[in-house]
Every structure is written in structure tokens, then in C-alpha cells.
There are 2 protein chains.
Amino acid sequence: MRKFEDSIPLQLLKAREATMSFFRPILQEISLTEQQWRVIQALNEYTELESKQLAERCCILSPSLTGIINRLEQQGLIQRRKSPDDQRRVLLSLTDEAKQMFEDVSPRLDARYKAMAEQISEEKLELLNELLGELCKLKP
Amino acid sequence: MRKFEDSIPLQLLKAREATMSFFRPILQEISLTEQQWRVIQALNEYTELESKQLAERCCILSPSLTGIINRLEQQGLIQRRKSPDDQRRVLLSLTDEAKQMFEDVSPRLDARYKAMAEQISEEKLELLNELLGELCKLKP
DNA sequence: GGGTAATCCTTAAGATGTTATCTGTTGTAT
DNA sequence: ATACAACAGATAACATCTTAAGGATTACCC
């Protein structure tokens, strides 16, 4: 039997840690957590999203997202408004300040991503992407 | 530029979630968290480990491990004793009850692992294992 | 139209992640 | 032997994860 340290779930965890180490220093400089940055990225791409959609895209459960949004709103990075069509829904978007911050920081993170991609080669990264996609389709 | 939803770190997170869904139901039955089970697995393999070694093998930071150990000790699953050679170190091992529990549950989890492995095929799993190993070697 | 189930978001409670700091112990150089 | 750096755990403070349950709004059915 495979040693537990080589089990796929743990390997995935380690690999994630390894890749995140490329970006963590930059995020620390601007005092944003990994999750907060994911939220900002998503809102930068989609302009305005409902809380539920945002949670799904960022892979963050809604109870966590509630707190994250609260903190980002308090920092003046996110705006929330109720949907006029459906009072249950909350619509979220970036403030101008956040958009500016994204433009400033994004290139540096992209550069780190490239550095990482080049270290393992684009082919392997593509292959990895493929395999991870398949893992996500598995049904228990 | 790649959409952030397809970035490698997020893909790794999603894939990990997908694989864990094979095991989560069983762990929930016995009221153990994923991390607690990892600790038990490690101690089952190595009999006795120092806190630091355990943390490294389980990919758990020591402050988290302190809490996990406390809870497992309280549940009568783990024993701790101070190293006679070095009073700073703490040696950890499973209780008989925990060993028994491991023997009982382990086969069921192994079966789920096999089910997962077969769904994507052994070859792809091996390839994935290879690629994840390379990711871990990257240096920022 | 009124009762009811479903939906979205939030809150609650406990466990873990993350960084910084503290305490006690050991190693080392003077 | 003493002072000081290095090390192993533990604690603290805050953020997030995870599951369950609550409050408000909407959809559906009779």
C-alpha cells in the first residue's frame, strides 16, 4: 500500500503550498490573504457578481465568504448592494480604489506565475491542468 | 492571460476537494477531521514521533498541531511523553484504542482510494504523482 | 390569495491555518 | 562556568474552514 505521505490528497496539498509560495510574499506586502485576493480577482473579471456565484468561482463556502466580504468592505475595497429584482441576493463589486490596486499589483503576480510556469515548462503545466480537470470530474 | 479560475493553485484546491469527497463521509462517521486522521496515519506508520517531525509529515503547522494533539489526547487516542534526552521535545504515539480504531477503519478508506484510482486509471495517477512531485521541488 | 417549500444569505460554534511572540531547554563560545 | 544564540513547543490573535441552524424573501401549488 502507498505510504500515506504520497496519497493524492496530501500530494495536492503539498503542491498547492509549493505554488503558493511564489505569490505569498507579494500578497503579504499588500496585507491581503490568498482568499481575499481570489475574491478581488473574480470581481475584476466579472464586474458584479452575486454572493453565491462569487463563492462558487472562488471555491469559498458562503459562510466564509460572508466574513471575507465584511472585511473587504470595511477596508473600502468592495461595495455591496441588494439586487433590485430579488431582495435575497447581494450584488458585489470592486471600488475604484480596489480596481486601481488590482492594476498595480496584478502585473507582479503575473510575472511570478510566469516564473513558475517556466520552471516546470509549459507542456507539463498543460498536462497537469488536464489531469487536475479530470480529478474534478470524479464522482464518489 | 489564463483566467484566474484555471490558475494552478486554484485547480489544485479544486482537485483536492474532489478527491477528499471520497473519504469525508467515512471520517465523518467516526467523528474525525481530515487532519486528525492524517496525524493518526502518521503515528501508525512511525510508532513514535516528535511533534516537529509529525507536523512536517502531516503538512500541519506546529501551532495547529498543538491543538489537534490536545484534542486527540483528550479523546484517548494519543499519548504524549517528554523525551528523556531532550526536555524540549515531545514524543507522541497512538493508544491501543487508536490502533484498534485504525485497523477497523483503514480498510474502508483504502477501498475508497482504490475506487478513486480506478476511475482515473493507474497510469494517469502515476503521471499525476510525478507532476505533483515536480511542483513541490520548485523554488520561488 | 394563503400556506408551504425552496432559495439566498447570515450567524453560530468548533476546528484549523497563518504569523508573531513567548517560554523553557539545549548547544556553544568565551 | 557564564553569557548568548539556536531550537522545540506553546500561546495569542486574527482569518478561514466546516457543518448546522436561523431569518428573510421568493416561487409554487392548491
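Note on naming: letters A, B, ... go to the chains in the order of the sequence lines (proteins, then strands), and numbering restarts at 1 for each one.
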Legend entry - Residue-phosphate contact under 4.0 Å: Arg71(A) side-chain N/O, dT16(D) OP1/OP2: yes
Inset, instruction - Under 4.0 Å between any heavy atoms, over every strand shown, what does Ser62(B) touch: base, sugar-phosphate, or nothing? Just pick one. - result: nothing
Inset, instruction - Examine dC17(D): is either OP1 or OP2 under 4.0 Å from a nitrogen or oxygen in the side chain of Gln35(A)? Give yes or no. - result: yes
Inset, instruction - Verify, without hydrogens or angle tests, whether Ser106(B) (side chain) and Glu103(B) (backbone) share a donor-acceptor contact under 3.5 angstrom. - result: no
Legend entry - Phosphate OP1/OP2 of dC17(D) contacted by Ser64(A) side-chain N/O (<4.0 Å): yes
Legend entry - Phosphate OP1/OP2 of dG9(D) contacted by Thr66(B) side-chain N/O (<4.0 Å): no
Inset, instruction - Looking only at side-chain atoms of Leu61(A), point me to the closest of dT19(C), dG9(D), dT18(D). - result: dT18(D)
Legend entry - Interatomic distance where CG belongs to Leu32(A) and P belongs to dA15(D) [whole Å]: 12 Å
Legend entry - Whether Thr66(A) side chain and Ser62(A) backbone form a donor-acceptor pair below 3.5 Å: yes
Legend entry - Short side-chain N/O contact from Arg80(B) to OP1 or OP2 of dA8(D), under 4.0 Å: no
Inset, instruction - To the nearest Å, give me how far apart CD1 (Ile60(B)) and P (dT18(C)) are. - result: 11 Å
Legend entry - Donor-acceptor contact below 3.5 Å, side chain Tyr113(B) vs main chain Ile8(A): yes
Inset, instruction - Could you tell me the separation between the CD1 atom of Ile69(A) and the P atom of dT16(D), rounded to a whole number of Å? - result: 10 Å
Legend entry - Gln87(B) side chain near dG9(D) phosphate (N/O to OP1/OP2, under 4.0 Å): no
Inset, instruction - Indicate, yes or no, whether a donor-acceptor pair under 3.5 Å links the base of dC8(C) to the side chain of Arg89(A). - result: no
Legend entry - Any donor-acceptor pair under 3.5 Å from Arg112(A) side chain to Pro140(B) backbone: yes
Legend entry - Options dT19(C), dA10(D), dC17(D), nucleotide nearest the side-chain atoms of Arg24(A): dT19(C)
Legend entry - Atom pair distance, as rounded to whole Å: CG in Leu77(B) and P in dA15(C): 14 Å
Legend entry - Nearest-angstrom distance from the residue atom CG of Asp85(B) to C1' of dG27(C): 15 Å
Legend entry - Under 3.5 Å: donor-acceptor pair, side chain of Glu126(B), backbone of Glu123(B): no
Legend entry - 5'-most by nearest nucleotide on DNA chain C - Leu65(B) or Asp86(B): Leu65(B)
Inset, instruction - Please lay out, stage by stage, how Gln11(A) and Asp6(A) fare under the test side chain to side chain donor-acceptor pair (under 3.5 Å). - result: CA-CA 6 Å; Gln11(A) 286 266 85; Asp6(A) 302 325; 5.4 Å; no
Inset, instruction - Could you state the atom-to-atom distance from CZ of Arg88(B) to C1' of dA5(D) in whole Å? - result: 12 Å
Inset, instruction - Among the candidates dT19(D), dC17(D), dT16(C), find the nucleotide nearest to the side-chain atoms of Pro63(A). - result: dT19(D)
Inset, instruction - Please state how far atom CD in Glu73(A) lies from atom C1' in dC9(C), giving the value in whole angstrom units. - result: 14 Å
Legend entry - Spacing of Leu27(B) atom CG relative to dT16(C) atom C1', expressed in whole Å: 15 Å
Inset, instruction - Would you kindly compare Glu17(A) and Ser51(A) by the position of their nearest DNA chain C nucleotide and give the one closer to the 5′ end? - result: Ser51(A)
